[in-house]
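These notes concern the structure reproduced below.
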There are 2 protein chains.
Amino acid sequence: MKEGPDIARVAALIGDPARANILTALMSGKALTASELAGEAGVSLQTASSHLAKLDDGRLLTARKQGRHKYFALASADVAGVLEGLMGLAAGAGHLRSRPGPKDPALRKARVCYNHLAGDMGIRLFDSLLGRAFLSVTGGSVALTDAGGAFVTDFGVDLGTLATGRAPLCRLCLDWSERRSHLAGALGRAFLGRFEESGWAERVPGSRIVRFSQRGEAAFNGAFPLQAA
Amino acid sequence: MKEGPDIARVAALIGDPARANILTALMSGKALTASELAGEAGVSLQTASSHLAKLDDGRLLTARKQGRHKYFALASADVAGVLEGLMGLAAGAGHLRSRPGPKDPALRKARVCYNHLAGDMGIRLFDSLLGRAFLSVTGGSVALTDAGGAFVTDFGVDLGTLATGRAPLCRLCLDWSERRSHLAGALGRAFLGRFEESGWAERVPGSRIVRFSQRGEAAFNGAFPLQAA
DNA sequence: TAAATGCTTCGACTATGATCGAACTATGAA
DNA sequence: TTCATAGTTCGATCATAGTCGAAGCATTTA
(Lines give C-alpha, C1' and ligand atoms only; values in the text may rest on other atoms or scores of the structure.)
Protein backbone atom coordinates (compact mmCIF):
# COMPACT_ATOMS: atom_id res chain seq x y z
CA MET A 1 0.00 0.00 0.00
CA LYS A 2 2.50 2.59 1.11
CA GLU A 3 5.93 3.40 -0.19
CA GLY A 4 9.27 2.25 1.08
CA PRO A 5 10.33 -0.79 3.06
CA ASP A 6 8.05 -2.42 5.59
CA ILE A 7 9.02 -0.88 8.88
CA ALA A 8 6.25 -2.41 10.93
CA ARG A 9 7.48 -5.95 10.49
CA VAL A 10 10.93 -5.25 11.87
CA ALA A 11 9.68 -2.98 14.62
CA ALA A 12 7.08 -5.51 15.73
CA LEU A 13 9.84 -8.08 15.85
CA ILE A 14 11.79 -5.91 18.28
CA GLY A 15 8.63 -4.81 20.06
CA ASP A 16 7.94 -7.96 22.03
CA PRO A 17 9.39 -7.81 25.55
CA ALA A 18 10.94 -11.25 25.41
CA ARG A 19 12.54 -10.60 22.05
CA ALA A 20 13.72 -7.15 23.13
CA ASN A 21 15.42 -8.75 26.13
CA ILE A 22 17.10 -11.26 23.86
CA LEU A 23 18.38 -8.53 21.56
CA THR A 24 19.53 -6.41 24.48
CA ALA A 25 21.43 -9.36 25.89
CA LEU A 26 23.12 -9.86 22.54
CA MET A 27 24.24 -6.22 22.51
CA SER A 28 27.10 -7.54 24.63
CA GLY A 29 28.46 -8.76 21.31
CA LYS A 30 28.92 -12.30 22.57
CA ALA A 31 27.11 -15.18 20.92
CA LEU A 32 24.78 -16.89 23.38
CA THR A 33 22.97 -20.22 23.33
CA ALA A 34 19.21 -20.61 23.14
CA SER A 35 19.03 -21.69 26.78
CA GLU A 36 21.05 -18.75 27.99
CA LEU A 37 18.86 -16.37 26.03
CA ALA A 38 15.73 -18.00 27.42
CA GLY A 39 17.08 -17.20 30.86
CA GLU A 40 17.92 -13.62 29.90
CA ALA A 41 14.46 -13.09 28.48
CA GLY A 42 12.71 -14.73 31.39
CA VAL A 43 10.74 -17.23 29.31
CA SER A 44 10.75 -20.99 28.85
CA LEU A 45 13.02 -22.68 26.38
CA GLN A 46 10.15 -23.49 24.01
CA THR A 47 9.04 -19.88 23.92
CA ALA A 48 12.56 -18.63 23.37
CA SER A 49 13.06 -21.09 20.54
CA SER A 50 10.02 -19.71 18.78
CA HIS A 51 11.22 -16.14 19.25
CA LEU A 52 14.70 -16.95 18.03
CA ALA A 53 13.32 -18.54 14.90
CA LYS A 54 11.38 -15.36 14.17
CA LEU A 55 14.34 -13.09 14.79
CA ASP A 56 16.48 -15.28 12.58
CA ASP A 57 13.83 -15.25 9.89
CA GLY A 58 13.72 -11.46 10.08
CA ARG A 59 17.49 -11.29 9.61
CA LEU A 60 18.12 -9.63 12.94
CA LEU A 61 20.17 -12.54 14.21
CA THR A 62 22.59 -15.06 12.82
CA ALA A 63 22.50 -18.61 14.11
CA ARG A 64 25.39 -21.01 14.26
CA LYS A 65 25.12 -24.62 15.32
CA GLN A 66 27.96 -26.06 17.32
CA GLY A 67 27.59 -29.57 18.64
CA ARG A 68 24.30 -29.71 20.44
CA HIS A 69 24.33 -26.03 21.18
CA LYS A 70 23.02 -23.29 18.95
CA TYR A 71 24.66 -19.94 19.25
CA PHE A 72 22.94 -16.70 18.32
CA ALA A 73 24.43 -13.27 17.69
CA LEU A 74 23.27 -9.97 16.26
CA ALA A 75 23.25 -10.10 12.47
CA SER A 76 25.26 -6.93 11.94
CA ALA A 77 26.46 -3.68 13.39
CA ASP A 78 23.51 -2.02 11.67
CA VAL A 79 21.15 -3.95 13.88
CA ALA A 80 23.13 -2.88 16.92
CA GLY A 81 22.94 0.71 15.71
CA VAL A 82 19.18 0.65 15.42
CA LEU A 83 18.89 -0.90 18.86
CA GLU A 84 21.03 1.88 20.34
CA GLY A 85 18.83 4.41 18.56
CA LEU A 86 15.73 2.88 20.07
CA MET A 87 17.35 3.00 23.50
CA GLY A 88 17.93 6.69 22.94
CA LEU A 89 14.29 7.29 22.13
CA ALA A 90 13.15 5.19 25.08
CA ALA A 91 15.47 7.02 27.45
CA GLY A 92 14.30 10.35 26.04
CA ALA A 93 10.68 9.44 26.65
CA GLY A 94 11.59 8.66 30.24
CA HIS A 95 10.77 5.01 29.78
CA LEU A 96 13.58 3.46 31.70
CA ARG A 97 13.02 -0.14 32.47
CA SER A 98 13.14 0.52 36.15
CA ARG A 99 13.98 3.45 38.34
CA PRO A 100 17.67 4.12 37.76
CA GLY A 101 19.25 1.36 39.80
CA PRO A 102 22.77 0.97 41.10
CA LYS A 103 23.89 -0.59 37.83
CA ASP A 104 22.85 2.41 35.79
CA PRO A 105 25.77 4.75 36.52
CA ALA A 106 28.27 1.98 35.84
CA LEU A 107 26.49 1.32 32.58
CA ARG A 108 26.76 4.94 31.58
CA LYS A 109 30.42 5.11 32.42
CA ALA A 110 31.69 2.14 30.43
CA ARG A 111 29.83 -0.62 28.67
CA VAL A 112 30.12 -2.93 25.75
CA CYS A 113 28.22 -1.95 22.60
CA TYR A 114 28.11 -4.94 20.28
CA ASN A 115 31.86 -5.47 20.50
CA HIS A 116 33.43 -2.14 21.32
CA LEU A 117 33.60 0.31 24.21
CA ALA A 118 30.69 2.71 24.70
CA GLY A 119 29.54 5.17 27.35
CA ASP A 120 31.53 7.91 28.95
CA MET A 121 34.88 6.27 28.43
CA GLY A 122 34.07 5.23 24.89
CA ILE A 123 33.45 8.87 24.04
CA ARG A 124 36.64 9.85 25.76
CA LEU A 125 38.64 7.35 23.74
CA PHE A 126 37.17 8.65 20.51
CA ASP A 127 37.66 12.30 21.38
CA SER A 128 41.25 11.74 22.39
CA LEU A 129 42.12 9.93 19.15
CA LEU A 130 40.37 12.60 17.12
CA GLY A 131 41.94 15.47 19.03
CA ARG A 132 45.43 14.16 18.38
CA ALA A 133 44.66 13.69 14.69
CA PHE A 134 44.95 9.91 14.89
CA LEU A 135 41.56 9.65 13.22
CA SER A 136 40.10 11.66 10.38
CA VAL A 137 36.39 11.91 9.77
CA THR A 138 35.02 12.55 6.30
CA GLY A 139 31.44 12.22 5.27
CA GLY A 140 30.38 10.08 8.17
CA SER A 141 33.16 7.57 7.68
CA VAL A 142 36.28 7.45 9.80
CA ALA A 143 39.79 6.55 8.80
CA LEU A 144 43.02 6.00 10.64
CA THR A 145 45.71 8.58 9.83
CA ASP A 146 49.37 7.62 9.40
CA ALA A 147 50.20 8.96 12.83
CA GLY A 148 47.19 7.04 14.14
CA GLY A 149 48.46 3.84 12.58
CA ALA A 150 51.76 4.21 14.35
CA PHE A 151 50.07 4.94 17.67
CA VAL A 152 47.77 1.96 17.38
CA THR A 153 50.60 -0.43 16.46
CA ASP A 154 52.59 0.94 19.37
CA PHE A 155 49.62 0.22 21.60
CA GLY A 156 49.86 -3.44 20.71
CA VAL A 157 47.24 -3.82 18.03
CA ASP A 158 48.28 -5.73 14.91
CA LEU A 159 46.85 -3.76 12.03
CA GLY A 160 47.76 -6.42 9.49
CA THR A 161 45.45 -9.01 10.99
CA LEU A 162 42.71 -6.43 11.51
CA ALA A 163 42.59 -5.29 7.92
CA THR A 164 42.02 -8.77 6.56
CA GLY A 165 38.42 -9.09 7.79
CA ARG A 166 35.45 -7.99 5.73
CA ALA A 167 34.32 -5.59 8.44
CA PRO A 168 35.49 -1.97 8.03
CA LEU A 169 38.40 -0.94 10.21
CA CYS A 170 36.68 2.12 11.64
CA ARG A 171 33.00 2.86 12.06
CA LEU A 172 30.93 5.34 13.97
CA CYS A 173 28.33 4.29 16.51
CA LEU A 174 25.83 6.51 18.29
CA ASP A 175 25.58 6.33 22.04
CA TRP A 176 22.24 6.31 23.82
CA SER A 177 23.55 7.71 27.06
CA GLU A 178 25.86 10.35 25.65
CA ARG A 179 24.09 11.01 22.35
CA ARG A 180 27.47 11.26 20.71
CA SER A 181 29.42 9.19 18.24
CA HIS A 182 32.13 6.84 19.33
CA LEU A 183 34.53 4.40 17.69
CA ALA A 184 33.19 1.06 16.46
CA GLY A 185 34.42 -1.33 13.79
CA ALA A 186 37.35 -3.72 13.91
CA LEU A 187 39.58 -1.12 15.53
CA GLY A 188 37.03 -0.42 18.24
CA ARG A 189 36.87 -4.10 19.00
CA ALA A 190 40.64 -4.38 19.04
CA PHE A 191 40.97 -1.53 21.55
CA LEU A 192 38.52 -3.17 23.92
CA GLY A 193 40.44 -6.40 23.54
CA ARG A 194 43.69 -4.70 24.49
CA PHE A 195 42.12 -3.12 27.56
CA GLU A 196 41.10 -6.54 28.77
CA GLU A 197 44.42 -8.17 27.91
CA SER A 198 46.33 -5.47 29.77
CA GLY A 199 44.18 -6.04 32.83
CA TRP A 200 42.93 -2.45 32.70
CA ALA A 201 39.33 -3.58 32.58
CA GLU A 202 37.15 -6.64 32.81
CA ARG A 203 33.64 -7.35 31.71
CA VAL A 204 31.04 -8.03 34.37
CA PRO A 205 29.55 -11.44 33.50
CA GLY A 206 25.94 -11.41 32.37
CA SER A 207 25.93 -7.67 31.83
CA ARG A 208 27.14 -5.05 29.40
CA ILE A 209 29.11 -3.28 32.09
CA VAL A 210 32.88 -2.92 31.68
CA ARG A 211 34.63 -2.38 34.97
CA PHE A 212 37.96 -0.58 34.95
CA SER A 213 40.32 -1.14 37.85
CA GLN A 214 41.62 1.96 39.57
CA ARG A 215 45.02 1.38 38.04
CA GLY A 216 43.45 0.61 34.69
CA GLU A 217 41.47 3.82 34.61
CA ALA A 218 44.55 5.85 35.48
CA ALA A 219 46.48 4.14 32.69
CA PHE A 220 43.59 4.73 30.31
CA ASN A 221 43.48 8.41 31.15
CA GLY A 222 47.22 8.63 30.62
CA ALA A 223 47.12 6.90 27.28
CA PHE A 224 44.14 8.87 26.00
CA PRO A 225 44.46 12.47 27.21
CA LEU A 226 41.93 15.09 26.14
CA GLN A 227 43.23 18.23 24.46
CA ALA A 228 42.52 21.52 26.10
CA ALA A 229 39.56 23.17 24.41
CA MET B 1 14.59 -6.79 35.22
CA LYS B 2 17.16 -6.07 32.56
CA GLU B 3 19.53 -3.17 32.19
CA GLY B 4 19.12 -0.12 30.00
CA PRO B 5 16.09 1.71 28.65
CA ASP B 6 12.94 -0.13 27.68
CA ILE B 7 13.32 -0.78 23.98
CA ALA B 8 10.26 -2.98 23.62
CA ARG B 9 7.82 -0.19 24.41
CA VAL B 10 9.07 2.10 21.68
CA ALA B 11 9.51 -0.68 19.16
CA ALA B 12 6.02 -2.03 19.79
CA LEU B 13 4.72 1.46 19.26
CA ILE B 14 6.32 1.55 15.82
CA GLY B 15 5.49 -2.08 15.19
CA ASP B 16 1.78 -1.72 14.49
CA PRO B 17 1.08 -1.42 10.73
CA ALA B 18 -1.30 1.50 11.12
CA ARG B 19 1.11 3.41 13.33
CA ALA B 20 4.03 2.58 11.06
CA ASN B 21 2.10 4.02 8.14
CA ILE B 22 1.41 7.16 10.12
CA LEU B 23 5.07 7.58 11.00
CA THR B 24 6.16 6.87 7.44
CA ALA B 25 3.74 9.47 6.16
CA LEU B 26 5.19 11.99 8.60
CA MET B 27 8.69 11.31 7.29
CA SER B 28 7.72 13.81 4.61
CA GLY B 29 8.42 16.39 7.30
CA LYS B 30 5.07 18.06 6.87
CA ALA B 31 2.63 18.24 9.75
CA LEU B 32 -0.59 16.41 8.92
CA THR B 33 -4.04 16.39 10.50
CA ALA B 34 -5.59 13.42 12.22
CA SER B 35 -7.98 12.84 9.32
CA GLU B 36 -5.23 12.92 6.74
CA LEU B 37 -3.21 10.46 8.76
CA ALA B 38 -6.19 8.18 9.15
CA GLY B 39 -6.39 8.12 5.36
CA GLU B 40 -2.68 7.44 5.01
CA ALA B 41 -2.84 4.61 7.48
CA GLY B 42 -6.00 3.15 6.00
CA VAL B 43 -7.99 3.10 9.22
CA SER B 44 -11.02 4.94 10.55
CA LEU B 45 -10.73 8.26 12.30
CA GLN B 46 -11.49 6.74 15.69
CA THR B 47 -8.76 4.18 15.32
CA ALA B 48 -6.26 6.76 14.14
CA SER B 49 -7.11 9.00 17.07
CA SER B 50 -6.29 6.21 19.46
CA HIS B 51 -3.01 5.50 17.69
CA LEU B 52 -2.03 9.15 17.61
CA ALA B 53 -2.65 9.45 21.33
CA LYS B 54 -0.33 6.52 21.94
CA LEU B 55 2.40 7.87 19.68
CA ASP B 56 2.12 11.25 21.36
CA ASP B 57 2.29 9.62 24.76
CA GLY B 58 5.41 7.74 23.69
CA ARG B 59 7.06 11.01 22.63
CA LEU B 60 7.40 9.98 19.01
CA LEU B 61 5.10 12.77 17.81
CA THR B 62 4.32 16.32 18.71
CA ALA B 63 0.75 17.56 18.47
CA ARG B 64 -0.35 21.11 17.80
CA LYS B 65 -3.94 22.26 17.83
CA GLN B 66 -4.95 24.85 15.29
CA GLY B 67 -8.60 25.78 15.08
CA ARG B 68 -10.57 22.64 14.84
CA HIS B 69 -7.68 20.76 13.30
CA LYS B 70 -4.93 18.94 15.11
CA TYR B 71 -1.60 18.74 13.36
CA PHE B 72 0.91 16.01 14.08
CA ALA B 73 4.61 15.88 13.20
CA LEU B 74 7.58 13.73 14.14
CA ALA B 75 8.91 14.71 17.53
CA SER B 76 12.52 15.11 16.45
CA ALA B 77 15.17 14.31 13.91
CA ASP B 78 16.23 11.47 16.19
CA VAL B 79 12.91 9.78 15.61
CA ALA B 80 13.33 10.23 11.87
CA GLY B 81 16.80 8.74 12.14
CA VAL B 82 15.58 5.61 13.88
CA LEU B 83 12.82 5.21 11.31
CA GLU B 84 15.35 5.42 8.49
CA GLY B 85 17.46 2.85 10.30
CA LEU B 86 14.50 0.49 10.53
CA MET B 87 13.84 0.98 6.84
CA GLY B 88 17.41 -0.04 6.18
CA LEU B 89 16.99 -3.24 8.17
CA ALA B 90 13.67 -4.00 6.52
CA ALA B 91 15.11 -3.44 3.06
CA GLY B 92 18.10 -5.58 3.94
CA ALA B 93 15.85 -8.43 5.03
CA GLY B 94 14.10 -8.19 1.68
CA HIS B 95 10.89 -7.13 3.36
CA LEU B 96 9.75 -4.49 0.95
CA ARG B 97 6.17 -3.55 1.42
CA SER B 98 5.31 -4.79 -2.01
CA ARG B 99 7.25 -6.02 -5.00
CA PRO B 100 9.35 -3.04 -6.10
CA GLY B 101 6.74 -0.96 -7.86
CA PRO B 102 7.16 1.87 -10.31
CA LYS B 103 7.47 4.39 -7.50
CA ASP B 104 10.47 2.67 -5.98
CA PRO B 105 13.20 3.90 -8.37
CA ALA B 106 11.90 7.45 -8.14
CA LEU B 107 12.01 7.12 -4.37
CA ARG B 108 15.59 5.96 -4.45
CA LYS B 109 16.63 8.78 -6.72
CA ALA B 110 15.28 11.74 -4.78
CA ARG B 111 12.98 11.88 -1.82
CA VAL B 112 12.21 13.96 1.22
CA CYS B 113 13.64 12.72 4.52
CA TYR B 114 11.95 14.58 7.35
CA ASN B 115 12.63 17.97 5.77
CA HIS B 116 15.69 17.61 3.57
CA LEU B 117 16.73 15.87 0.37
CA ALA B 118 17.66 12.19 0.53
CA GLY B 119 18.36 9.38 -1.91
CA ASP B 120 20.75 9.41 -4.82
CA MET B 121 20.67 13.16 -5.32
CA GLY B 122 20.86 13.88 -1.60
CA ILE B 123 24.11 11.95 -1.48
CA ARG B 124 25.36 13.77 -4.53
CA LEU B 125 24.63 17.14 -2.97
CA PHE B 126 26.50 16.17 0.16
CA ASP B 127 29.48 14.72 -1.68
CA SER B 128 29.79 17.76 -3.88
CA LEU B 129 29.77 20.17 -0.95
CA LEU B 130 32.27 18.06 0.91
CA GLY B 131 34.53 17.60 -2.13
CA ARG B 132 34.79 21.33 -2.64
CA ALA B 133 35.58 21.90 1.02
CA PHE B 134 32.34 23.77 1.66
CA LEU B 135 31.65 21.46 4.56
CA SER B 136 34.00 20.08 7.17
CA VAL B 137 33.25 16.98 9.17
CA THR B 138 34.69 16.42 12.61
CA GLY B 139 33.62 13.79 15.04
CA GLY B 140 30.28 13.08 13.47
CA SER B 141 29.25 16.71 13.36
CA VAL B 142 29.35 18.86 10.25
CA ALA B 143 30.11 22.54 9.90
CA LEU B 144 30.00 25.06 7.10
CA THR B 145 33.42 26.42 6.11
CA ASP B 146 33.97 30.08 5.23
CA ALA B 147 34.05 29.23 1.53
CA GLY B 148 30.90 27.19 2.06
CA GLY B 149 29.16 30.13 3.69
CA ALA B 150 29.90 32.30 0.70
CA PHE B 151 28.68 29.63 -1.69
CA VAL B 152 25.46 29.08 0.20
CA THR B 153 24.70 32.79 0.44
CA ASP B 154 25.41 33.10 -3.26
CA PHE B 155 22.96 30.27 -3.84
CA GLY B 156 20.20 32.35 -2.30
CA VAL B 157 20.07 31.04 1.24
CA ASP B 158 19.97 33.63 4.00
CA LEU B 159 22.31 32.30 6.66
CA GLY B 160 21.30 34.95 9.16
CA THR B 161 17.73 33.72 9.42
CA LEU B 162 18.85 30.11 9.45
CA ALA B 163 21.18 30.47 12.38
CA THR B 164 18.50 31.89 14.68
CA GLY B 165 16.61 28.62 15.15
CA ARG B 166 17.38 26.18 17.90
CA ALA B 167 18.02 23.41 15.40
CA PRO B 168 21.66 22.90 14.38
CA LEU B 169 22.65 24.33 11.03
CA CYS B 170 24.17 21.11 9.74
CA ARG B 171 23.44 17.56 10.71
CA LEU B 172 24.14 14.13 9.28
CA CYS B 173 21.41 11.69 8.36
CA LEU B 174 21.79 8.09 7.26
CA ASP B 175 20.08 6.95 4.10
CA TRP B 176 18.27 3.60 3.90
CA SER B 177 18.65 3.23 0.17
CA GLU B 178 22.24 4.41 -0.17
CA ARG B 179 23.50 3.45 3.29
CA ARG B 180 25.47 6.69 3.31
CA SER B 181 25.29 9.96 5.18
CA HIS B 182 23.74 13.03 3.69
CA LEU B 183 23.08 16.60 4.75
CA ALA B 184 20.23 17.29 7.19
CA GLY B 185 19.62 20.15 9.60
CA ALA B 186 18.47 23.68 8.87
CA LEU B 187 20.84 23.97 5.92
CA GLY B 188 19.56 20.75 4.39
CA ARG B 189 16.03 22.06 4.68
CA ALA B 190 17.03 25.41 3.15
CA PHE B 191 18.62 23.72 0.15
CA LEU B 192 15.48 21.72 -0.56
CA GLY B 193 13.45 24.90 -0.25
CA ARG B 194 15.65 26.65 -2.80
CA PHE B 195 15.31 23.79 -5.28
CA GLU B 196 11.54 24.11 -5.10
CA GLU B 197 11.58 27.90 -5.30
CA SER B 198 13.81 27.82 -8.37
CA GLY B 199 11.45 25.42 -10.07
CA TRP B 200 14.16 22.75 -10.27
CA ALA B 201 12.04 20.23 -8.43
CA GLU B 202 8.60 19.70 -7.02
CA ARG B 203 7.26 17.33 -4.43
CA VAL B 204 4.79 14.71 -5.55
CA PRO B 205 1.71 15.21 -3.36
CA GLY B 206 0.96 12.47 -0.87
CA SER B 207 4.38 10.91 -1.32
CA ARG B 208 7.99 11.37 -0.29
CA ILE B 209 9.11 11.53 -3.90
CA VAL B 210 10.84 14.70 -5.13
CA ARG B 211 10.60 15.02 -8.89
CA PHE B 212 13.26 17.07 -10.67
CA SER B 213 12.43 18.52 -14.06
CA GLN B 214 14.88 17.78 -16.85
CA ARG B 215 16.10 21.36 -16.77
CA GLY B 216 16.20 21.30 -12.99
CA GLU B 217 18.33 18.18 -12.86
CA ALA B 218 20.77 19.65 -15.36
CA ALA B 219 21.01 22.82 -13.30
CA PHE B 220 21.48 20.73 -10.15
CA ASN B 221 24.30 18.77 -11.75
CA GLY B 222 25.91 21.99 -12.84
CA ALA B 223 25.68 23.61 -9.43
CA PHE B 224 26.88 20.53 -7.56
CA PRO B 225 29.61 18.86 -9.61
CA LEU B 226 31.44 15.84 -8.26
CA GLN B 227 35.19 16.00 -8.04
CA ALA B 228 37.16 13.43 -9.97
CA ALA B 229 38.29 10.71 -7.62
C1' DT C 1 23.46 -49.74 23.23
C1' DA C 2 21.02 -46.55 26.74
C1' DA C 3 20.71 -42.17 29.07
C1' DA C 4 21.08 -37.25 29.15
C1' DT C 5 21.18 -32.77 27.28
C1' DG C 6 19.85 -29.05 23.92
C1' DC C 7 16.58 -27.60 20.95
C1' DT C 8 12.21 -27.83 17.97
C1' DT C 9 7.37 -28.82 16.93
C1' DC C 10 2.58 -29.33 18.05
C1' DG C 11 -1.53 -28.07 20.26
C1' DA C 12 -4.44 -25.78 23.49
C1' DC C 13 -5.16 -21.82 26.35
C1' DT C 14 -5.24 -17.03 27.11
C1' DA C 15 -4.61 -12.12 27.06
C1' DT C 16 -3.58 -8.17 24.75
C1' DG C 17 -4.89 -4.83 21.73
C1' DA C 18 -6.66 -3.31 17.12
C1' DT C 19 -10.93 -2.24 15.10
C1' DC C 20 -15.21 0.34 14.34
C1' DG C 21 -20.25 1.87 15.54
C1' DA C 22 -22.36 5.12 18.36
C1' DA C 23 -22.53 8.81 21.29
C1' DC C 24 -20.20 13.04 22.88
C1' DT C 25 -17.35 17.57 22.84
C1' DA C 26 -15.39 21.53 20.55
C1' DT C 27 -14.61 24.75 17.02
C1' DG C 28 -16.20 27.31 13.02
C1' DA C 29 -19.70 28.80 9.51
C1' DA C 30 -24.38 30.39 8.15
C1' DT D 1 -29.23 29.68 17.01
C1' DT D 2 -28.57 25.80 14.01
C1' DC D 3 -25.77 23.02 11.24
C1' DA D 4 -21.41 20.95 9.78
C1' DT D 5 -16.83 19.40 10.48
C1' DA D 6 -12.85 17.63 13.42
C1' DG D 7 -11.62 14.95 16.96
C1' DT D 8 -12.28 12.07 21.37
C1' DT D 9 -14.29 8.50 24.38
C1' DC D 10 -16.77 4.30 25.31
C1' DG D 11 -17.99 -0.36 24.61
C1' DA D 12 -18.35 -4.69 22.21
C1' DT D 13 -16.20 -7.74 19.02
C1' DC D 14 -12.68 -10.30 17.26
C1' DA D 15 -8.13 -11.84 15.67
C1' DT D 16 -3.39 -12.17 16.50
C1' DA D 17 0.23 -13.94 18.80
C1' DG D 18 2.66 -15.01 23.24
C1' DT D 19 2.80 -18.70 26.54
C1' DC D 20 3.93 -23.37 28.19
C1' DG D 21 3.05 -28.72 28.66
C1' DA D 22 4.06 -32.74 26.21
C1' DA D 23 6.13 -35.23 22.78
C1' DG D 24 9.71 -35.60 19.16
C1' DC D 25 14.66 -35.09 17.02
C1' DA D 26 19.46 -34.75 17.25
C1' DT D 27 23.78 -34.88 19.33
C1' DT D 28 27.00 -36.10 22.90
C1' DT D 29 28.42 -39.03 26.90
C1' DA D 30 28.70 -43.44 29.40
Side-chain angles (χ1 to χ4, degrees), chain A residues 1-2 6-26 30-58 60-73 93 95 97 206, chain B residues 1-2 6-26 30-58 60-73 93 95 97 206:
Chain A
M1 198 66 76
K2 315 251 28 84
D6 188 2
I7 255 186
R9 234 152 143 168
V10 192
L13 221 43
I14 309 176
D16 175 79
R19 285 194 294 261
N21 282 340
I22 288 176
L23 291 169
T24 307
L26 289 174
K30 290 174 58 171
L32 298 174
T33 68
S35 314
E36 289 170 324
L37 289 170
E40 287 289 336
V43 294
S44 74
L45 182 55
Q46 303 96 291
T47 308
S49 178
S50 144
H51 284 310
L52 290 168
K54 283 173 191 165
L55 289 171
D56 188 27
D57 191 55
L60 295 182
L61 298 182
T62 53
R64 181 165 44 95
K65 237 196 195 156
Q66 210 167 89
R68 52 182 168 183
H69 293 275
K70 198 165 175 184
Y71 284 91
F72 295 88
H95 289 311
R97 210 175 285 255
Chain B
M1 196 66 77
K2 314 256 23 92
D6 188 2
I7 256 187
R9 236 153 143 166
V10 193
L13 219 44
I14 308 176
D16 175 77
R19 285 194 293 263
N21 283 339
I22 289 176
L23 292 169
T24 305
L26 290 174
K30 289 174 60 170
L32 298 174
T33 68
S35 314
E36 290 170 323
L37 289 170
E40 286 287 337
V43 294
S44 73
L45 182 56
Q46 303 97 295
T47 308
S49 178
S50 143
H51 285 311
L52 288 167
K54 284 173 192 166
L55 289 171
D56 188 27
D57 191 56
L60 294 182
L61 298 182
T62 53
R64 180 166 43 97
K65 238 196 196 154
Q66 208 166 91
R68 52 181 167 180
H69 293 276
K70 197 164 176 184
Y71 285 91
F72 294 89
H95 289 310
R97 210 175 286 254

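Chain naming here is simple, since letters A, B, ... match the order of the sequence lines and numbering starts at 1 in each.
Rounding to whole angstrom units, CG of residue B:L45 and P of C:dG21 are separated by 12 Å. Distance OH (A:Y71) to C1' (C:dC7): 13 Å, rounded to an integer number of Å. Distance, A:D16 CG to D:dT16 P: 17 Å, rounded to whole Å. Between the NZ atom of A:K70 and the C1' atom of C:dT5 there is a distance of 16 Å, rounded to whole Å. We find that CG of A:L13 is positioned 18 Å from P of D:dT16, with the value rounded to whole Å. Note: CD1 (A:I14) to P (D:dG18) measures 14 Å, nearest angstrom. D:dG7 atom C1' lies 16 Å from atom CG of B:L32, rounded to whole Å. Whole-Å rounding puts the A:L37 CG to C:dG6 C1' distance at 13 Å.
Here B:F72 contributes atom CZ and B:E36 contributes atom CD; the two are 11.5 Å apart, rounded to the nearest 0.5 Å. In this structure, NE2 on B:H51 lies 12.0 Å from CG on B:L61, to the nearest 0.5 angstrom. Taking CG from B:L13 and CG from B:L60, the interatomic distance works out to 5.0 Å, rounded to the nearest 0.5 Å. Atom CG of B:N21 and atom CG of B:L26 lie 11.0 Å apart (nearest 0.5 Å). From A:I22, atom CD1 reaches atom NZ of A:K54 across 11.0 Å, with rounding to the nearest 0.5 Å.
For A:T47 and D:dC20, the shortest distance from a side-chain N or O to OP1 or OP2 is below 4.0 Å.
Which of C:dC20, C:dC7, D:dT19 sits closest to the side chain of B:S44 comes down to C:dC20. Of the candidate nucleotides D:dG7, C:dT9, C:dT19, C:dT19 has the atom nearest to the side chain of B:V43. Side-chain proximity of B:H51 to the nucleotides C:dA18, D:dG18, D:dG7 is greatest for C:dA18. Out of C:dA18, C:dT19, C:dT9, the shortest distance to the side chain of B:K54 is found at C:dA18. For B:H69, the side-chain atoms get nearest to D:dA6 when compared with the rest of D:dT19, D:dA6, C:dA18.
Side chains of A:L23 and B:I7 form no contact here, defined as non-hydrogen atoms less than 4.5 Å apart. Proximity of B:I14 to A:I14: side-chain heavy atoms (C-beta onward) are nowhere separated by under 4.5 Å.
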**Request:** Let me have a per-nucleotide readout for nucleotides 24-30 of chain C, 5' to 3', with B, S or -, counting only protein heavy atoms under 4.0 Å.
**Result:** ---BS--

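Between the side chain of B:Q46 and the base of D:dG7, no donor-acceptor pair under 3.5 Å is found.
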